[in-house]
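Source: prediction; values computed, not measured.
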Amino acid sequence: MAETIRVLVTGAAGQIAYSLLYSIAKGDVFGKDQPLALILLDIPPMLPVLEGVVMELQDCALPLLKEVVPTDKEEVAFKDLDAAILVGSMPRKEGMERKDLLKANVAIFKSQGAALDKYAKKTVKVLVVGNPANTNCLIAAKSAPSIPKENFSCLTRLDHNRARSQVAMRCGIPADNVKNVIIWGNHSSTQYPDVHHCMVNVQGKDVAAFDMVKDDDWLKGDFISTVQQRGAAVIKARKLSSAMSAAKAICDHMRDIWTGTPEGEFISMGVYSSGNSYGVPDDLIYSFPVTIKDKSWKIVDGLAINDFSRAKMDATAAELVEERDTAISFLGQRRSALNCVLQQLCQPREHFRSRASSTSTTGCPSSGRRQHHHHHQQQQQQQQPRQRPSTFSGVSRWVPDNSMAQFQEVMRQQLESSMHAELEKLLSTAKGDAEICKKDFEGFKKLFHRFLQVKGPSVEWPKINRPPEDSIQPYEKIREKGLPENVANSLNKLVVVKLNGGLGTSMGCKGPKSLISVRNENTFLDLTVQQIEHLNKTYNTDVPLVLMNSFNTDEDTRKILQKYTHHRVKIHTFNQSRYPRINKESLLPVAKDVGLVGESADGWYPPGHGDIYASFYNSGLLEQLIAEGKEYIFVSNIDNLGATVDLHILNHLVSQPNGKRCEFIMEVTDKTRADVKGGTLIQYEGKLRLLEIAQVPKAHVDEFKSVSKFKIFNTNNLWISLAAIKRLQEQNAMDLEIIVNPKTLNGGLNVIQLETAVGAAIKCFDNALGINVPRSRFLPVKTTSDLLLVMSNLYSLEAGSLTMSEKREFPTTPHVKLGSSFTKVQEYLTRFESIPDMLELDHLTVSGDVTFGKNVSLKGTVIIIANHGDRIDIPAGSMLENKIVSGNLRILDH
């Protein structure tokens, strides 16, 4: 087998790359016997999305794909390349002048050209796709003086393919029967699709296109404008830019470079113009008809050019000359001009370590003559603060490498400005809730700003230490202190907060998850109210319940709260923020208005429970509770049935001396094999900190999952000082790591959600503490498998609290795994005539079409598997102990 080649794709997390990478990896481009390593480059905000792309490539199990390397670093991406496909670029955004677009892309492609020059093989073949493709290609070529200019080309094959297709459809023949169309000039609306030399094959004979079409007006009018504006038409119809067709054109272009063009055919590609025979000015990247042999292209000479064609060719050449001269003028700016940019930014040098930003025209057609372009995301990498000579048009100048960081900052500001403009448009559609939307958007702007700023992992692995012994206290030690005589004094300082923003859709239910019945017709919310009411009655206290709702759950929750009017519990609610989902390509909101119905319904999301601090503060409820003498909140997920008020932990909080008051307690519990992905507590830079798996470098994920090294995980049961929340919010000192959560909407649009976690704030509070609690305080109901446990006789219910039955000989809960036939609550309920006796169960796995009769008893390890098409009915009164049941067992009535 041939030696492995290294192929780079930039903008690799974008939609064009997503359509492209599979074809490259399976051998459609470089050959069916050519092994390759794919190097995927994108900017830091896109790395989480890129990880998903890598996983999909791995899951394809392609024999030719020897390695996949995702990166945001030029020195990694451009090392020893055989081929480079530069898809990423800075696209033109609304309100952006063309010179600003060129300025941004000069910085990007200067940097990438220099990286090619420094790291890639001198034989590397470079295809520039990102727009403005011709001029970007020219800048990259000029920035790589040691690589032959003939090794650089830009993509006009998409326009070429579009032209072939239009002629074929007009003639009623396959596109393969059309050859030798030409795209002259710039990949813009001035391009000239020319069919004067085009031949169509009809019944085995080649016929001139003009003779076959017999409609000169169409060929010189609508045909040309259709090809020129096809990209804009795709965006208008699809709400996304061309991806599949662009990827196909890239494959065609690179395959022809690698294997050559067929005898008697030529194709279109943007190449270096110097020395051409058609009167096109030198020193441009201009699209010509070319043939390719031995990986070298040659412009097809001697084609007749009429006056009509000459005028079109000259017009597109004039545009390219203007673009080139503007771009070169940016390259020629002296360091003083760069310093001027810095002064305008008014930011210190260290701020240029920021994360670069990225947009594309996806779902957002840009204005001006380039609005039909389908490209792409910018690629920006930082460079070391030293200088090197850079040569352009034969003139050598010293250009500081850190100029790339300066331009990155300019473009980051441009993206942030675009986001702010889009949010203002959305705000203008608000009616009665304008002030609420405005507050939400202010919070989102801060989150988005941090998203663009932060670069690289949020933790450095060598700095991670195990927490000091006294920072995580065993629950037994807390319990040994006993309780004070007047428990009521402590309880009257407490507020119970339940996170109630989630829907029951994952369990097949509509509306808030808190309204699902879980035990004896009691919902999660019923049990919560019963627990607090029992406390208030027992100790004659006034512990209120606060529900943090989301826009998804607020209306239904408010309606149901009327049933608790006569219960001895004051119930307050506030809404967490509503943030816009961001198009993964453009990094701009997908919503068109603030409405929650119609097209915009999918455009919004609640931004994770870390939003509790800002939303609680903004609601005014925080101030009200402090004024009422409340000091601490106990926060937990409403679906964690083990998260009840613990008087011993509360006493530990309120009994501390004022100077050493603990402001934050996180309940942790021992990790099992089922919890290896759960967040854990570490000591980091002198502070107790929550470490989530998303923050762990790939090389250390297995170490993070180790039960022996990281022995505990976060239950998300938290005790937090109200006064401390108020202080941190007013000081703008709540620093929570951002979780980038990729989603795919029903229409197939890829979006990202920026979220935060409530426990991540532990590092911001004084004297924070972990308490290692019994596993019984972590009883979440996320699936019907969990629901089966809490509905069974494993637990007894008293005053809203579930406790493990005394009849169970050992305190651990069984491992239960129900198959897909049980996923939805209604389906699950129909499969059990009654819940089985599970007191002696260790492990239960059920897969396929299985039902249970009344009074079934399960003991030890029980595995029941109904094969596809089979059904198993477990008869009433059955006792299964350490059994495997498979095949087909059907009990029929008679």
Side-chain angles (χ1 to χ4, degrees), residues 10-11 43 74 78 84 86-93 96-118 126 128-145 149 152 154 186-188 270 272 283-285 319-342 344-345 352 356-359 366 368 370 373 375-383 387-415:
T10 71
I43 57 175
E74 285 183 342
F78 289 88
L86 308 185
V87 179
S89 71
M90 176 72 167
R92 187 169 182 170
K93 298 188 290 293
M96 194 178 196
E97 295 290 335
R98 187 163 63 91
K99 65 180 182 179
D100 297 325
L101 177 70
L102 285 168
K103 189 173 190 178
N105 281 297
V106 162
I108 295 165
F109 285 88
K110 168 187 171 293
S111 177
Q112 293 190 352
L116 284 164
D117 197 57
K118 184 174 182 179
V126 182
V128 176
V129 182
N131 273 325
N134 298 61
T135 301
N136 288 346
C137 184
L138 182 70
I139 296 304
K142 286 180 175 291
S143 302
K149 297 293 184 289
F152 288 82
C154 83
N186 199 2
H187 178 59
S188 76
Y272 215 60
D283 202 30
L284 298 176
I285 297 292
E319 182 183 54
L320 279 172
V321 168
E322 182 188 355
E323 278 188 14
R324 177 199 64 193
D325 292 348
T326 303
I328 296 297
S329 72
F330 293 135
L331 291 173
Q333 288 178 338
R334 296 186 180 275
R335 186 171 183 172
S336 60
L338 296 173
N339 289 338
C340 181
V341 172
L342 279 177
Q344 291 172 352
L345 290 175
F352 294 121
S357 59
S358 141
T359 70
S366 55
R370 292 194 183 277
H373 287 180
H375 319 306
H376 306 306
Q377 295 171 320
Q378 63 190 18
Q379 294 297 323
Q380 306 166 105
Q381 288 75 30
Q382 294 174 300
Q383 304 176 8
Q387 293 181 329
R388 67 161 183 265
S390 183
T391 304
F392 304 100
S393 301
V395 181
S396 178
R397 297 179 177 87
W398 286 96
V399 180
D401 275 2
N402 66 358
S403 64
M404 189 64 205
Q406 298 160 9
F407 281 115
Q408 284 180 344
E409 179 66 6
V410 172
M411 286 182 280
R412 181 197 62 74
Q413 290 191 344
Q414 175 66 46
L415 181 59

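Rounding to the nearest 0.5 angstrom, the gap separating the NZ atom in Lys103 from the OG atom in Ser329 is 9.0 Å. Summarising the geometry, atom CG belonging to Asp283 is positioned 8.5 Å from atom NZ belonging to Lys149; distances are rounded to the nearest 0.5 Å.
Using a 4.5 Å heavy-atom cutoff, the side chains of Glu74 and Ser111 are in contact. Counting only heavy atoms from C-beta outward, the side chains of Leu86 and Phe152 never approach each other to under 4.5 Å. The closest side-chain heavy-atom distance from Tyr272 to Leu138 is below 4.5 Å. You'll find the side chain of Ile285 stays beyond 4.5 Å of the side chain of Thr135, heavy atoms only.
Thr10 places a side-chain N or O within 3.5 Å of a backbone atom of Val87 that can act as its donor or acceptor partner. Side-chain N or O atoms of Ser143 include one that pairs as donor or acceptor with a backbone N or O of Ile139 at under 3.5 Å. Side-chain N or O atoms of Asn136 include none that pairs as donor or acceptor with a backbone N or O of Phe109 at under 3.5 Å. Of the possible donor and acceptor atoms, none in the side chain of Asn134 sits under 3.5 Å from a partner among the backbone N and O of Cys154.
What you find for Pro132 and Leu102 is that their closest heavy atoms are CG-CD2, 3.8 Å. Heavy-atom minimum distance, Pro145 versus Lys142: CD-O, 4.0 Å.
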